[in-house]
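So the structure is just underneath, and the comments pick up after that.
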Amino acid sequence: MTAASLVVNEIKGYHRFIKFLILLVAVAAVASMARFVFGLGPTTNLNDTYPWGLWISFDVVTAVPLAAGAFTLGAIVHCFHIKKLEPLVRPAIVTGFLGYSLVCIGLLLDLGQPHKGWHVMRYWNLHSPMFEVSMCVMAYTTVLLLEFLSPVTEKFGWYLPMRVLRWLEMPLVILAAAISTLHQSSLGTFFLIAVDKLHNLWYNPLLPLLFWVSAICSGMCIIIVEATACHKWMGQPNEGVLLRTLAKTLPWTLALYIALRVYSLLVLSNGPFFDQPVLTLLFGLELGFGFILPFFMFTQQSVRNDDRRRVIAALLVVFGLILNRFNVSMFGMMDPNQIYYPSLIESLVTIGIIAAHILFFVLIAKYFPIFEHHPETVDYSLPDRFRKIDGGKGSEETVPVVGQPVAETND
Amino acid sequence: MSKVDTSKQKAFLIDMTKCTGCRGCQVACKQWNQLEAEKTEFFSGEGYQNPPAMSEYTFTRIKFRDYQKNGQNEFAFYKEMCMHCEDPACASVCPVGAFEKTAEGPVVYKADRCIGCRFCMIACPFGVPKYEWSKGLPLVKKCTGCYERVVEGLQPACATACPTAITYGNRDEMIKIAEERLAKHPDKYIHKVYGKEEAGGTSVIYLTSLPFDELGFKPVTLRPLPGYTWQALRMVPAAFLTVGGGLSALSWITHRKDRLKKEREEEAATAGEPKEDK
Ligand code: SF4
Ligand code: SF4
Ligand code: SF4
């Protein structure tokens, strides 16, 4: 059997859902080719009134905070030293790494001159928030790659790089948190230049801080959602006890966010606030359902301890964050006489990017030891003995993954 | 942004009361910049103006506004173009510094640098930069201030073509002339020199007889826009050091605590053992 047919057979064994994801990704790949062949104008609904659309609003401005779980959790586990949450770290890093890689792809598609993207490194403009974010995203994707390489080295039993990575763990965690702080907040700085364009409900000088705090909230909520989903659909152990601990910090961060939000509205912004009913509604939905309601839910022990209600509260925060980013980057700047909505190709590409994220996560979880990373089972000091523990064989046998049974019958 | 010596800067003084709406400037600009014609239709935008908006093919445009004066129908005009801000928002947000405020006054665009992120279009308070939506690898287009002409000592094409309304010269002088006109004919003008302070000052200065907003001038802040983002961006190094340093210190403390605890436990264990032996 050739390598290609091996791959084909392997793919044939996947679950229907995974095949569906592959289809979505393929469609998105074709759609993004169309963007280059026919140009941005004909394939998207962007124009001189709306130079930024779905790709910036979702693929960049929203996807970056959704991938904030990695740095938040890294800091909680390693700096605040709440070691028992460690099993959650690896999946979070994989999500982060995938998220950021896809942000880079989304950004490159949106750029008019993607082949010149590297110019950011050549012509520095320290006054540009875009410069700052691009540098940080590149740096952080590298950091995430290094963190992500840990399970890869374990799988193949490469001791030397593994040792180096172990030794780098703490510096990387701290670097990750510092870089993330910068670009999560600088995404908010983007919109500080939109004076007189962004609606008063969202425009205020605290935007960068608000973006940072909400990214931390949503990063943790994404971890809750992800761990619950992995338990439900990928046959992973129930991490409910750990999520409970994590959920305990959420009322605090959410309260901080809501307080900052209220302060910025009452003290730092000038009305009129409620002159456009649609924006008022979006604002109410975002703050009420996306932040205040889950805040009250997370203060309840009964919610934190219940798998279902906890994940609902977390999903609400994720909803609030997505709506917030869209409000700031799209709805709040819209001209009521000329509404922007994404074109079919824009939508297909974004759907494909989301599908790619889930797809790669499932595949990585299938082939690399990202779930069984419990520190007590790993010997940090002697790579040689570590090899005996893991056998360097990989871990397919121990990880029941969606589609796995099908794969085995096909073999 | 690097502040240039403003005294030598050139500026446009555009007196809208003297504009006849001939659109000679529009034509001259197209010719000089070799811009393609646009297919236009009557009343495709608001009012009589054509094309309906500035675009990749149209760097300047005369906007028409009809109004009633003493029972008569009258026209007022507004020449739309890049304002060549003193402290341009487009230059401050561009990640690769593709825009530059030149010592002569025009804000120029270096196409070879541009990566096409379109942040300049979001940032410009006057909605000036336009994009080549028709192309696969598009660039930004906007009024060049006829920089090539200005450095050679010529006047911009539109200023040369204009029979009545546009005066081009040193910015300080243009402001002086504008203020003199206001003082001389207070009844003729709205008492304001638009561009003297707007967005921190621009190199295009307007006088009009109708309220500025009615003509389609954008309401803009008087503060230079780059300041709005810089007040947050300048904290970046401090934020980096605070978070980095704070977390390093924190982890040092927590790890030390952990180690001490372990040592104490070990000590207790080793101290306990001999006793039990006896
Ligand atoms: S008007 Fe806009 S494009 Fe022209 S210099 Fe000012 S900010 Fe830049
Ligand atoms: S589109 Fe080009 S000129 Fe405009 S901000 Fe981006 S890189 Fe700079
Ligand atoms: S200055 Fe030059 S480019 Fe600008 S509007 Fe006038 S002719 Fe056109």
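In what follows, every chain begins at residue 1, and chains take the letters A, B, ... in the order their sequences are listed.
- Heavy-atom pairs under 4.5 Å with chain B were tallied for A:T49, A:V195, A:I179; the largest tally goes to A:V195.
- No part of B:E132 comes within reach of chain A, as not one of its non-hydrogen atoms sits under 4.5 angstrom from that chain.
- Contacts between A:D196 and chain B at a heavy-atom distance below 4.5 Å involve the side chain alone, from C-beta outward.
- A parallel orientation is assigned to the rings of B:F217 and B:Y78, their planes being inclined by less than 30° (bins at 30° and 60°).
- Remark: B:E56 does not engage B:K130 in a salt bridge, criterion side-chain N to carboxylate O under 4.0 Å.
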Point to revise | Check against salt bridge (Lys or Arg N to Asp or Glu O under 4.0 Å), B:R256 and B:E263 | key: CA-CA 10 Å; B:R256 184 164 176 274; B:E263 273 175 14; over 6 Å; no
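- Chain B forms the most heavy-atom pairs under 4.5 Å with one residue out of A:F36, A:W124, A:F80, A:W118, and that residue is A:F80.
- Ring geometry for A:Y340 against A:Y50 counts as tilted: the plane angle lies between 30° and 60°, on a 0 to 90° scale.
- Taking the ring centroids of B:F119 and A:W52, they lie under the 6.0 Å cut-off.
- Taking B:R223, B:R113, B:R234, B:K218 one by one and counting their heavy-atom pairs under 4.5 Å with chain A, the maximum is reached by B:R113.
- The pair A:D110-B:R118 meets the salt-bridge criterion, since a charged nitrogen lies less than 4.0 angstrom from a carboxylate oxygen.
- Each of B:A53, B:G227, B:A232, B:A123 has some count of heavy-atom pairs under 4.5 Å with chain A, and the biggest count is that of B:A123.
- Both the backbone and the side chain of B:L139 come within contact range of chain A, with heavy atoms under 4.5 Å apart.
- Not a single donor-acceptor pair under 3.5 Å links the side chain of B:E214 to the backbone N or O of B:P211.
- One distance of note links CZ of A:F38 with CD1 of A:I345; it measures 8.0 Å at 0.5 Å rounding.
- Salt-bridge check for B:E198 with B:K192: passed, with a basic side-chain N closer than 4.0 Å to an acidic carboxylate O.
- Residue contact with chain A, scored on non-hydrogen atoms closer than 4.5 Å, is absent for B:M235.
- Counted by atom type alone, B:S55 and B:E38 present one or more donor-acceptor pairs between their side chains at under 3.5 Å.
- For a residue to count as touching a neighbouring chain, one of its non-hydrogen atoms must lie under 4.5 Å from one of that chain's; by this rule A:T181 touches chain B with the side chain only.
- Of the listed residues (B:G116, B:A239, B:A98, B:G246), the greatest number of heavy-atom pairs within a distance under 4.5 Å of chain A belongs to B:G116.
- The choice from A:L209, A:L111, A:L192 that makes the most heavy-atom pairs within less than 4.5 Å of chain B is A:L111.
- Contact tally against chain A (heavy-atom pairs below 4.5 Å) for B:T242, B:V243, B:I253: the top residue is B:V243.
- Interface summary for chain B: among A:G117, A:G39, A:P129, the most heavy-atom pairs under 4.5 angstrom belong to A:P129.
- Contact of A:P208 with chain B is made through the side chain alone, with heavy-atom distances under 4.5 Å.
- Put simply, of B:A89, B:S248, B:C94, the one with the most heavy-atom pairs under 4.5 Å next to chain A is B:C94.
- For chain A, no part of B:A238 is nearby; none of its heavy atoms comes within less than 4.5 Å.
- At a 4.5 Å heavy-atom cutoff, the contact between A:A75 and chain B is made by side-chain atoms alone.
- Residue B:L137 holds its CG atom at 9.0 Å from CG of A:L40, rounded to the nearest 0.5 Å.
- Residue A:M135: no heavy atom, backbone or side chain, is found under 4.5 Å from chain B.
- In this structure, CG in B:L222 is found 11.5 Å from NZ in B:K196, a value given to the nearest 0.5 Å.
- Here B:D112 is the residue among B:V220, B:L241, B:D112 with the most heavy-atom pairs under 4.5 Å with chain A.
- In this structure, chain B has heavy atoms under 4.5 Å from both the backbone and the side chain of A:H119.
- Interface summary for chain B: among A:P42, A:P205, A:S128, the most heavy-atom pairs under 4.5 angstrom belong to A:S128.
- Of the listed residues (A:L107, A:L46, A:I56), the one with the most heavy-atom contacts under 4.5 Å to chain B is A:L46.
- In this model, a donor atom of one side chain and an acceptor atom of the other lie less than 3.5 Å apart for A:R325 and A:S214.
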